[in-house]
Amino acid sequence: MSFPLLTATAALPAIGAIATAAVPAARRTAAKWLALLVSLATLVLAGIVFARFEPGGDRYQLTESHAWIRDFGVRYELGVDGIGVALIALTALLIPFVILAGWHDADPLETASSRWRPTQGFFALILMVEAMVILSFEATDVFLFYILFEAMLIPMYFLIGGFGDRAHAGSDENAAAQRSYAAVKFLLYNLAGGLIMLAAVIGLYVVAGSFSLSEIAEARGNGSLEMATSTERWLFLGFFFAFAVKAPLWPLHTWLPNAMGESTTPVAVLITAVVDKVGTFAMLRFCLQLFPEASKWATPVILVLALISIVYGALLAVGQRDIKRLIAYASISHFGFIILGIFAMTSQGQSGATLYMVNHGISTAALMLVAGFLITRRGSRLIADYGGVQKVAPVLAGTFLIGGLATLSLPGLAPFVSEFLVLVGTFSAYPVAGIVATVGIVLAALYVLVLYQRTMTGPVREGIGGMPDLKVRELAVAVPLIALLIFLGVFPKPLTDVVNPAVQHTMQDVQKKDPQPEVEAAK
């Protein structure tokens, strides 16, 4: 029996979470180092998964399949395609930086209520989220995926509600109320989507007689499974609604700014750079593969919602006074681009959407984590409380600028490649949608450059003069992320080679071909 590499990649952080939580309360530093070492070991395993994946091989590789709940046909079934491999690598890559950035975020905090922040629990919850997210990218049994899709809400709820932004430490009761509101809103929105998805999962089993993604897809391909048009559309809507909440897509997005704003900065990165990718990934793996005709039927409406997300999120980002909420609304705009690329149903659009998931995760992590270092120094998230930072902390300002330029998809940085592909793929199939989407690019330049101007340039404001520059631990977070943004911006081939074959499989699922360019005959 071959080594269960996919299981090991997900099991290691889960076991590490239990071990970290079990560290004695007085040994907080040991718990931190244990969590970091487990995350680095998980990164090594994810690297082996990436290296062993053969882009020209079978669609799903490194597969594992074992009976789980025999009476209901539920199996513990895993496998990865190129899209899953890329997102597993992203998740495993970001978690060590999240842990390093949050090194002191869960240390004891004396407030009016003398509240104790359980350090071990904080890092254990992060590792548990990592385990569930990685396993969700590997699951090829629909029921197993659903369990993971819902279970990851539990540690995220406690991370949001139990560990607040230190910028709110001065008003403990109000901060606790805001954290509680954000955590409950996050949970209720995602639970609502999950309950609707559960009904669709049960309906799929009734129709198909199986939860296995490969079995259902094969049955649909050879004609032994036929769904009535209305049935397929209702099932598609049940799945898509849950994924749109997680993504988040307008108008189901309102939980994200609250959750990111009230979380610690590392948890905010965990939400938008890691957890939310499960929603867009699932659109590709489940919606398009299981319900191809319904996906094409819903495309016009979904494209409109994606365009609204792009423009709406960017406009609200322009008007924000809070740094973290600005980045949250920018992420809503970026997720609109991802969904636009998926449902443009062209190979360029879907390749761009997959690359966008990876590149957005890296760029948002870089910008948000450096912003978190800035907020920790000043004790405020308000843009108006900053000014002249580049004069006293030039390295901090420089890394913040590069993260911001990546967010606006500057050529030469990784997000440019993915955004360009999404726009090309969209324009070739839906020219009007492609034109409208470019408005988001203009607005992105506006909110990023205005943010940098107001916080980093101009005279040094009161409270900024003694601000220290980035320290060694903080540089260990920012520098590798920026280097990766530059590397993938000039050489995206390692990712495109893995992603493109998986995209071609998805295009075959929906029976779509790229539009051929119209060329006028020479006169």
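Keep in mind the model is a prediction, meaning the values are calculated, not measured. All residue numbers in this chain count up from 1 along the given sequence.
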Working for side-chain hydrogen bond (donor to acceptor under 3.5 Å, both in side chains), residues Q120 and T20 | CA-CA 6 Å; Q120 287 84 339; T20 301; over 6 Å; no
Looking at residues at least two apart in the chain, or sitting in another chain, which of them share a side-chain hydrogen bond (donor to acceptor under 3.5 Å, both in side chains) with T7?
-> E64, Y76
Any donor-acceptor pair under 3.5 Å from K296 side chain to L288 backbone | no
Donor-acceptor pair between S212 and E77 side chains, under 3.5 angstrom | yes
Can you check whether M156 reaches L270 side chain to side chain, under 4.5 Å on heavy atoms?
-> yes
Is a side-chain N or O of Q61 found less than 3.5 angstrom from the main chain of D58, in a donor-acceptor match?
-> yes
Taking all non-hydrogen atoms of both residues into account, name the closest pair between G121 and F163 and its distance.
-> C-CZ, 4.5 Å
Which residues satisfy the salt bridge (Lys or Arg N to Asp or Glu O under 4.0 Å) test with K32, sequence neighbours excluded?
-> D107
Side-chain touch Y329/L256, heavy atoms, less than 4.5 angstrom = no
Which heavy atom in S418 sits nearest to a heavy atom in N359, and how many Å separate them?
-> OG-ND2, 3.3 Å
Among pairs that include at least one residue of residues 275-305, which meet ring pair (Phe, Tyr, Trp, His ring centres under 6.0 Å), considering only residues two or more places apart or in two chains?
-> F137-F281, F145-F286, F239-F291
Please list, chain by chain and in numerical order, all residues satisfying salt bridge (Lys or Arg N to Asp or Glu O under 4.0 Å) with D81, sequence neighbours excluded.
-> R285
Do E150 and M197 have side chains that get closer than 4.5 Å, going by heavy atoms?
-> no
Partners passing ring-ring contact (aromatic ring centres under 6.0 Å, His included) against Y430 (at least two apart in sequence or in another chain) = none
Among all residues two or more places apart in sequence or in another chain, which pass the salt bridge (Lys or Arg N to Asp or Glu O under 4.0 Å) test with E54?
-> none
side-chain contact (heavy atoms from CB on, under 4.5 Å) test vs Q289 passes for just one of L213, I216, L284, T506, namely L213
Side chain to side chain contact (heavy atoms under 4.5 Å, CB included) with V38: which residues, sequence neighbours excluded?
-> L12, L34, T42, L127
Rounded to the nearest 0.5 Å, what separation is found between the CZ atom of F236 and the CZ atom of F243?
-> 9.5 Å
Qualifying residues under ring-ring contact (aromatic ring centres under 6.0 Å, His included), relative to Y181, sequence neighbours excluded = none
Results of salt bridge (Lys or Arg N to Asp or Glu O under 4.0 Å) for R59 - residues two or more places apart only = D509
T426 and T346: CA distance, side-chain angles, deciding distance, side chain to side chain contact (heavy atoms under 4.5 Å, CB included) verdict = CA-CA 7 Å; T426 302; T346 60; over 6 Å; no
Side chain proximity check, F143 to R75, heavy atoms < 4.5 angstrom = no
Is the centre of the H360 ring less than 6.0 Å from the centre of the F335 ring?
-> yes
Can you list the residues that meet the ring-ring contact (aromatic ring centres under 6.0 Å, His included) rule with F158, with sequence neighbours excluded?
-> none
Would you sort out whether L78 and L135 count as a side chain to side chain contact (heavy atoms under 4.5 Å, CB included), showing the intermediate values?
-> CA-CA 8 Å; L78 307 180; L135 201 55; 3.9 Å; yes
Could you grab the distance from atom CD1 of I308 to atom OG of S333, nearest 0.5 Å is fine?
-> 12.5 Å
Is a side-chain donor or acceptor of D141 paired with a backbone partner of L144 at a separation under 3.5 angstrom?
-> yes
Can you tell me if S309 uses its side chain to pair, donor with acceptor, with the backbone of W250 under 3.5 Å?
-> yes
P300: what forms a side chain to side chain contact (heavy atoms under 4.5 Å, CB included) with it, not counting sequence neighbours?
-> none
Measure the shortest side-chain to side-chain distance between F240 and I302 over non-hydrogen atoms and say whether it is less than 4.5 angstrom.
-> yes
Are side-chain heavy atoms of Y146 and L198 found at a separation under 4.5 Å?
-> yes
Indicate yes or no for a side-chain donor-acceptor contact from T280 to the backbone of K277 under 3.5 Å, with no hydrogens or angles considered.
-> yes
Closest approach of A344 to A429 (non-hydrogen atoms, all atoms of both residues) = O-CB, 4.0 Å
Shortest non-hydrogen separation from A92 to P96 and the atoms involved = O-CD, 3.0 Å
Kindly compute the distance separating CG (L94) from CG (L484), expressed to the nearest 0.5 Å.
-> 9.0 Å
To the nearest 0.5 Å, how far apart are CD1 in I332 and OG1 in T254?
-> 8.5 Å
Can you check whether S347 reaches Q504 side chain to side chain, under 4.5 Å on heavy atoms?
-> yes
Can you say whether the rings of H334 and Y356 are parallel (under 30°), tilted (30 to 60°) or perpendicular (over 60°)?
-> tilted
Does one side chain, of S331 or T272, offer a donor that lies under 3.5 Å from an acceptor on the other?
-> yes
Side-chain heavy atoms of V80 within contact of Y60, under 4.5 Å = no
Look up atom CG in L125 and atom CG in L159, then write down how far apart they are to the nearest 0.5 Å.
-> 4.5 Å
Contacts of type side chain to side chain contact (heavy atoms under 4.5 Å, CB included), residue T496, not counting sequence neighbours | L355, P492, K493, N500
Between the OH atom in Y157 and the NZ atom in K185, the distance rounded to the nearest 0.5 Å is 15.0 Å
Smallest separation among heavy atoms of L423 and A437, with atom names | CD2-CB, 3.7 Å
